[in-house]
Each structure stands twice: as structure tokens, then as C-alpha cells.
2 protein chains.
Amino acid sequence: MAAQRTILVVEDERAIADAVAARLRAEGFLVHCVGDGPAAVEAARRIRPDAVVLDVMLPGFDGLEVCRRLQAERPVPVLMLTARDDETDLLIGLAVGADDYLTKPFSMRELTARVHALLRRMTKASAGEPPIVLGDLEINRAERRVTRAGVEAHLTPTEFDLLVHLAGRPRTVLPRERLLADVWGWADASGTRTVDSHIKGLRRKLGADLIRTVHGVGYALEVDR
Amino acid sequence: MAAQRTILVVEDERAIADAVAARLRAEGFLVHCVGDGPAAVEAARRIRPDAVVLDVMLPGFDGLEVCRRLQAERPVPVLMLTARDDETDLLIGLAVGADDYLTKPFSMRELTARVHALLRRMTKASAGEPPIVLGDLEINRAERRVTRAGVEAHLTPTEFDLLVHLAGRPRTVLPRERLLADVWGWADASGTRTVDSHIKGLRRKLGADLIRTVHGVGYALEVDR
DNA sequence: GCCGGTCGTGAAGGAAGTGTGGAGATCAAG
DNA sequence: CTTGATCTCCACACTTCCTTCACGACCGGC
């Protein structure tokens, strides 16, 4: 059986939002609605929708900015709703990570067709979130499991997030400040040994050879190509 | 026989409401009655009826508005009761998501026939999905029954819905906020301990090994592929 | 080889998250 | 009205995790 998919609808006009939500629910989706940009980013972080239907015209910050932030946090397919037939919006939209678009006014039938297509393309392309495989290291983000050479390691939440960030750029040295900013969200990066502590944990659980220290700079994931 | 079906009756005339409720109970349904629009929306959110019998003439806001809101939250078959033989009401009613209608006065026999038809259509629509089988766990959505290793467990409605959502993405970690949003329909992320409570119930009834806790994130259904 | 700065490591205190039982509320049925 | 079932929330105990500190080892420039 196919899992029930969740759609986040970002639309400030209540009437449109309700209509879209009702139709998508009738299609068997779980639907959540928010009315502005900040709420959209927040909601996406919490509920991790399978797709987002996004109006470009929003209070707060505009849809393009929302789209950019969503993509920055976690790749998610986005269907943009553009009020006018404006090529500028469209091109920018596709540039910041939208996967498809609809020009208002649109029919509900058209909307559901696009959403289905988006999810189909998504599952075909990535089957949700495919495990990251780097040499003998395997990271399953959806299940939050990690194995090396087939053996599973139990990582703490921070260790897992740290490893995922390192794995995002294998063999690249990531400065401590960068890791603190990305994983911990700390702007201030002064004199903390916190990163080192968690690197220690990763090395103990996954093998000391996995992570290379670059003196005075940071760490890099050393793994076979 | 399948699990007992629940019907929500929305009707402000007490005499009619009582008569309808009595007859439907005699037919073996669980029946809840409310007398106005806001109460109807509220009740539907809580008890999740299998069908709604809805008078178009209501205090508060009218039946059409109720119907629209019900559909917006969760698709549910609606039988509308129209006082007069007014095509306008009827057409609008069907447009906003009502599935069938009855013109007053109507016979009880006619009412029960329509309700049965509504539910039959409904179960047929969802019977296309066979029971979910995951390892030794079997979930029959149509009958709302669950067995593990062949033994049936009696789950409360919330526990059942929660289990279905976990089973929709086996082995995938679902954040508490996501579950709260999908199962409870709470946009607001507070009260996440409620999830824990119902997980407790599931573990007690189905075995502690069925659900994996992922510290700081949420839960995942652990089951053989 | 020396020295200042950097890093690895173990331990410890405190913070955060989770399991659990039960109280209180709600609602329908008898 | 009372009973039974359910849901939400709370308090407490318990577990897991994070951060920091201290100390010794290491690195690189001189």
C-alpha cells in the first residue's frame, strides 16, 4: 500500500486555500494549510510534507524566498502558484527550486494532476530519501540509521546530524564555524570544543579512520570514492 | 460484522433529531447528535464519524457552510436533508461536497436506506486497499482491526489511526509534530506528550518491540520487510 | 628541540527527552 | 445518575544526551 502523502499548502487567500485543501483531501492526501511565509518554513520543518503547493504572492516574505528556504533545509518538491503569467516569476521560481508551476486561475483537476505528477516524479527519482552510500558507510536519513561495513552504529541525534553534514561534502574540509552554524545553528563560533566532542563520538562508533582532522581548520569525511 | 459505524446527525429540531437517531441506532449504528453548525464541525473533528446526516437549515451558520468545512477538514460522506424541494439548495449542496440528499418529509425507511448506501459506497471506495501486512502485523483498515502474530488487539480509535500512520511509512522515523499534525490535526506543536501516551498504549497491546523510539525526533514502526 | 596553539579524551554536571501511572474531563450507553 | 471507555495532561522517575573542563598529546613554525 502506498503511504498517505502529506501536502503543505501555502496560500493567504482563505477561499483558495480551502478549495485547494478540500480537493487534495478528496484525493486522499493529508493537507495542512498556512497563510504566510514564516509559518510555511516553520510548518515544513515540523511536519516534513511530501510536497508543497506555494503561492508566490504572500505576506511576510514572498514565495520565492519561502521556496529558497525550504530547499535549503530539506529537498522537497514544490508546485508554485503564480498570479499572473509573468515569465520573470516563473523563471526565478524554477531557479530557486520549484519543480512545477500553475498560473491562476487554474482548475482543480489541473492542480491534482500536477501534484500527483510531482509525487510520482519524486518517488521515481528518489524513493523518498535514498540512503547515502559512501564507500562502506551507509546513512539512511529516513530511518536515521547508520551502518559501516554492514554493522549498525547507534548515534545520538547530534552525532547523526553532524555526520550527515560531513557526508554532504565528502573529502571536503568543513571548518568548525561552518559545522556549528549548520548543525547547531550557533552564529557565535568562539572557543568551543563541542564539535570535537561529537567527532570523538563518531570516531569511536564508526572507526577512527572515517574522519580526518585538518589542524587549525576543521574536519573532513575520508571515504572511498 | 465490521466494526460499528458512527453517524453524526446535525439537526436543530429536536423531534426530528431524536427520531433519526433512534432509528439509526436501531440499525446498529453509533449515533451522535448536535444541534448547530459550530457544534457539528467540532463534533466531527472529535468523533470522526463514518457519515454525516445534515440539515441545510441550521442556526449558527447554515448546512452548506457546515458541509464545506467538514470536507475541508476530512473527507466524509454527507447526506443532506433539504426542507423544500429547492433545486438551488440541492445543487449547491452537491457542489460543496454532499453525496446524497433527502427532501422533507421523508420516511425513516428511506433514510436508513440512503445511509446504508452511503456507507456501502464508502467502504467500496476504500476496500480497494487490501489489509496492510507488515511482518507479523496485519492491519485491516476497512474493519479497523489489528492482529499481531495472529492475535487480535483491541485498539482505541486514536491508537488505530496512529498505527495506520506509522504503518504507512514502515521503518521511517516520523517526528512527533508530524504525527500530531496528521493524526490529531493539530497545527500547533504543543502537547506532544499526547503522542507518547498513545504510543504507550500501542506498545502494551502489540508488543514493546513494534515501535522504535528515536531520541529527540519521534517514532518508527520496526517491522520485517 | 622548544614553544604556543590546537586537538584527543575521559569524566562530570546539568539539560533535555522519554516511560509510566494516574487524575480529571468528556461523552455515550444503560 | 451511574458506569464504562476514551482522551488529554501532569508529575515523577529514569534514561539519554550535551556541553564543558582539565590534562596530556600533538602539530607546526622557529
How long is the straight-line distance from CD1 of B/I7 back to SG of B/C33, given to the nearest 0.5 Å? 11.0 Å
Given D/dC18, is OP1 or OP2 found less than 4.0 Å from the side-chain N or O atoms of A/T156? yes
Grab the CZ-C1' distance between B/R212 and C/dG19 for me, whole Å please. 18 Å
Aromatic contact between A/H32 and B/W186, with the criterion being ring centroids under 6.0 Å apart: yes or no? no
Expressed in angstrom and rounded to an integer, what is the separation of A/R176 atom CZ from D/dT19 atom C1'? 15 Å
First encountered from the 5' end of DNA chain C, between B/H215 and B/F29: B/H215
Looking at C/dT18, D/dC17, C/dC27, which one has an atom nearest to any side-chain atom of B/T213? C/dT18
Pair B/W184 + B/H165: ring centers closer than 6.0 Å: no
Test your reading of the model: is there a side-chain donor-acceptor pair from B/E11 to the backbone of B/E13, 3.5 Å cut-off? yes
From CG of A/L155 over to C1' of D/dC18, roughly how many Å is that when rounded to an integer? 15 Å
Decide if the gap between the ring center of B/H116 and the ring center of B/F29 is smaller than 6.0 angstrom. yes
Has B/T194 got a side-chain N or O lying under 4.0 Å from the OP1 or OP2 atom of D/dC9? yes
Which residue, B/S197 or A/R204, contacts DNA chain C at a nucleotide closer to its 5' end, judged by nearest heavy atom? A/R204
What's the CZ-C1' distance between B/R46 and D/dT6, to the nearest Å? 12 Å
For A/K200 and D/dT20, what is the distance between atoms NZ and C1' respectively, to the nearest whole Å? 10 Å
Hey, does the side chain of A/W184 come within less than 4.0 Å of D/dC18's phosphate (OP1/OP2), counting only N and O? no
Contact class for A/V195 (heavy atom, under 4.0 Å): base, sugar-phosphate, or nothing? nothing
Is there a side-chain polar atom (N or O) of B/Y219 under 4.0 Å from OP1 or OP2 of C/dG17? no
Rounded to whole Å, the CG-P distance (A/D196 to D/dC18) equals 15 Å
Mind checking if B/I199 touches a base, just sugar-phosphate, or nothing, with heavy atoms under 4.0 Å? nothing
So which nucleotide from D/dT6, D/dC9, C/dG8 ends up closest to the side chain of A/R203? C/dG8
How long is the line joining CD1 of B/I7 and P of C/dA29, in whole Å? 12 Å
I need the NE2-P distance between A/H154 and D/dT15, as an integer number of Å. 14 Å
Which of the following nucleotides, C/dT18, D/dT20, D/dC9, is nearest to the side chain of A/R193? D/dT20
By nearest-nucleotide position on DNA chain D, the 5'-leaning member of B/H198 and A/H198 is B/H198
